[in-house]
2 protein chains.
Amino acid sequence: MNATDILPLDAETKAFEAPHGHKDELRLWLRLLTCTNLVETEIRRRLRDGFDVTLPRFDLMAQLERAPQGMTLGEMSKRMMVSNGNVTGLVERLVESGHLERAPLPSDRRVQVIKLTTEGRSEFSAMAEAHEAWIAEMFEDLSAREIEALLKALGKLKASVLPTLRDAGRPS
Amino acid sequence: MNATDILPLDAETKAFEAPHGHKDELRLWLRLLTCTNLVETEIRRRLRDGFDVTLPRFDLMAQLERAPQGMTLGEMSKRMMVSNGNVTGLVERLVESGHLERAPLPSDRRVQVIKLTTEGRSEFSAMAEAHEAWIAEMFEDLSAREIEALLKALGKLKASVLPTLRDAGRPS
DNA sequence: CGCGATTATTTCAAACTTAAACCATTGGCG
DNA sequence: CGCCAATGGTTTAAGTTTGAAATAATCGCG
């Protein structure tokens with residue numbers, strides 16, 4: 001019934017497989033997480049202290065700034081890598097505070113298009129400038145060469161991770 | 001500590017500073033964030049599907065597993081790099097579900113020490129094994145040399161970030 | 001001893017986040 | 001046309017998360 005019937009060595013082979021040996025990957029993952037958390041926490045604090053804005057609001061505005069013609073909520077959800085409902089709530093509060101405007105698309109009545117308002121855009125550009133400087137400050141000890149190397153290695157990591165993602169609900 | 005504190009010419013100097021040139025740091029930061037998010041989201045899904053557990057619960061138990069003698073809530077808060085109140089809530093739910101036990105420390109009545117219960121420990125070890133394999137799978141395309149290099153580079157990044165963290169509430 | 005500063009934890013309000021259920025609209029396709 | 005799957009968003013429930021305020025206990029020091 002099982003491979004043992006055919007290839008008797010399998011059971012043993014299995015038993016001899018290293019019971020661990022993926023520790024380095026794990027260490028790398030934990031370090032990645034630590035770095036991200038450190039930076040993220042500090043950016044969050046500075047955004048709060050300096051601009052009275054939360055990180056997710058900043059992130060959303062950052063995405064919008066690169067799309068002067070506006071963007072669909074679904075598109076935003078994909079770019080921010082967060083759930084639909086999350087975007088709905090964030091947008092709601094940002095519209096409320098005057099940073100965003102939201103308009104239905106006449107050609108497709110399901111779609112909502114969001115844009116930065118003038119005030120939103122101008123507030124954001126001050127934040128973005130500071131933000132860029134903060135990151136530069138935090139990464140200061142890395143040389144251009146090291147940055148380049150990290151970019152490349154993380155690109156490879158990303159390429160390694162992507163194919164392992166399981167489709168949540170496969171139809172077909 | 002930097003020149004800004006002493007030299008009054010700063011405002012002008014600032015105006016003449018290159019208006020950009022820190023783009024690579026920013027790109028690196030965004031890529032770091034993307035990698036972390038991809039992995040984290042997938043791990044969260046697999047933990048849910050396979051073990052009906054959330055990522056923060058898993059993280060908390062992971063910290064506890066390495067401290068068989070238990071741990072203080074404050075210690076947990078530091079290790080997980082999350083707020084105190086957050087830990088209080090997580091622990092509450094994990095005690096409720098039988099994974100953790102919590103006991104006051106007689107020698108210091110402010111302190112609560114938490115430990116994994118036997119069931120908690122056994123449930124966790126199944127999760128941990130799967131978790132390690134998932135990470136190994138996701139990082140599969142990286143060679144041992146690349147992993148080593150990334151570990152080192154991220155170590156340097158961490159060392160670069162740490163000194164830039166502002167003390168939230170400075171007394172003195 | 002007594003008091004003020006510090007430390008450990010909890011509480012609280014607001015916001016964020018997810019997954020799942022739901023609703024409305026659109027786009028095929030017979 | 002009429003149905004039905006797919007798409008775009010919103011809603012909902014539960015949980016996570018933060019930062020600040022509140023509590024409680026300990027510590028240091030005169």
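Below, chains carry the letters A, B, ... as their sequence lines are ordered, and counting in each starts from 1.
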Q.
Among residues 103-111 of chain B, which ones have heavy-atom contacts with DNA chain C below 4.0 Å?
A.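 Going residue by residue through residues 103-111 of chain B, the ones with a heavy atom under 4.0 Å of DNA chain C turn out to be B:Arg110, B:Val111.
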Q: Specify the residues of residues 57-73 of chain A, ordered by number, for which at least one heavy atom lies under 4.0 angstrom from an atom of DNA chain C.
A: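 Listed by number, they are A:Arg57.
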Any side-chain hydrogen bond (donor to acceptor under 3.5 Å, both in side chains) pairs touching [range], not counting sequence neighbours?
range                       : value
residues 103-114 of chain A : A:Asp108-A:Arg110
residues 147-164 of chain A : A:Lys156-B:Glu146
residues 81-105 of chain A  : A:Ser77-A:Asn84, A:Ser97-A:His99, A:His99-A:Glu123

Could you state the [atom1]-[atom2] distance from [X] to [N], rounded to the nearest angstrom?
X        : N      : atom1 : atom2 : answer
A:Gln112 : C:dT26 : CD    : P     : 13 Å
A:Met76  : D:dT10 : CE    : C1'   : 17 Å
B:Glu96  : D:dG15 : CD    : C1'   : 14 Å
B:Leu47  : D:dG15 : CG    : C1'   : 15 Å

Q.
Checking A:Ala130 now: which residues fulfil side-chain contact (heavy atoms from CB on, under 4.5 Å) with it, not counting sequence neighbours?
A.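 Testing A:Ala130 for side-chain contact (heavy atoms from CB on, under 4.5 Å), a comparison that skips the adjacent residues, returns A:Phe51, A:Trp134.
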Q) Under the side-chain contact (heavy atoms from CB on, under 4.5 Å) test, which residues partner A:Ala67, sequence neighbours left out? A)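 So A:Ala67 forms a side-chain contact (heavy atoms from CB on, under 4.5 Å) with A:Gln69, A:Met71.
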Which residues share a side-chain hydrogen bond (donor to acceptor under 3.5 Å, both in side chains) with [X], sequence neighbours left out:
X        : value
B:Glu75  : B:Arg79
A:Glu137 : A:Arg46
B:Thr36  : A:Thr36

Q.
With a sphere of 6.0 Å drawn around CD of A:Glu119, does it hold more than 12 non-hydrogen atoms of other residues, nucleotides or ligands?
A.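 Enclosed: over 12 neighbouring heavy atoms sit under 6.0 Å from CD of A:Glu119.
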Q. Excluding sequence neighbours, so at least two apart, what forms ring pair (Phe, Tyr, Trp, His ring centres under 6.0 Å) with B:Phe124?
A.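 Partners of B:Phe124 by the ring pair (Phe, Tyr, Trp, His ring centres under 6.0 Å) criterion, ordered by chain and then number, come out as B:Phe58.
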(Q) Under 4.5 Å between side-chain heavy atoms, counting indirect links through other Ile/Leu/Val/Met/Phe/Trp/Tyr residues: same cluster for B:Leu38 and B:Leu154 or not? (A)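 Same hydrophobic cluster.
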(Q) Please encode protein proximity along nucleotides 17-23 of chain C as a string of B, S and -, counting only heavy-atom distances under 4.0 Å. (A) SBS----
Q: Compare side-chain N and O positions of A:Thr54 against OP1 and OP2 of D:dT18 and report whether any pair is under 4.0 Å apart.
A: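 For A:Thr54, the contact criterion (side-chain N or O under 4.0 Å from OP1 or OP2 of D:dT18) is not met.
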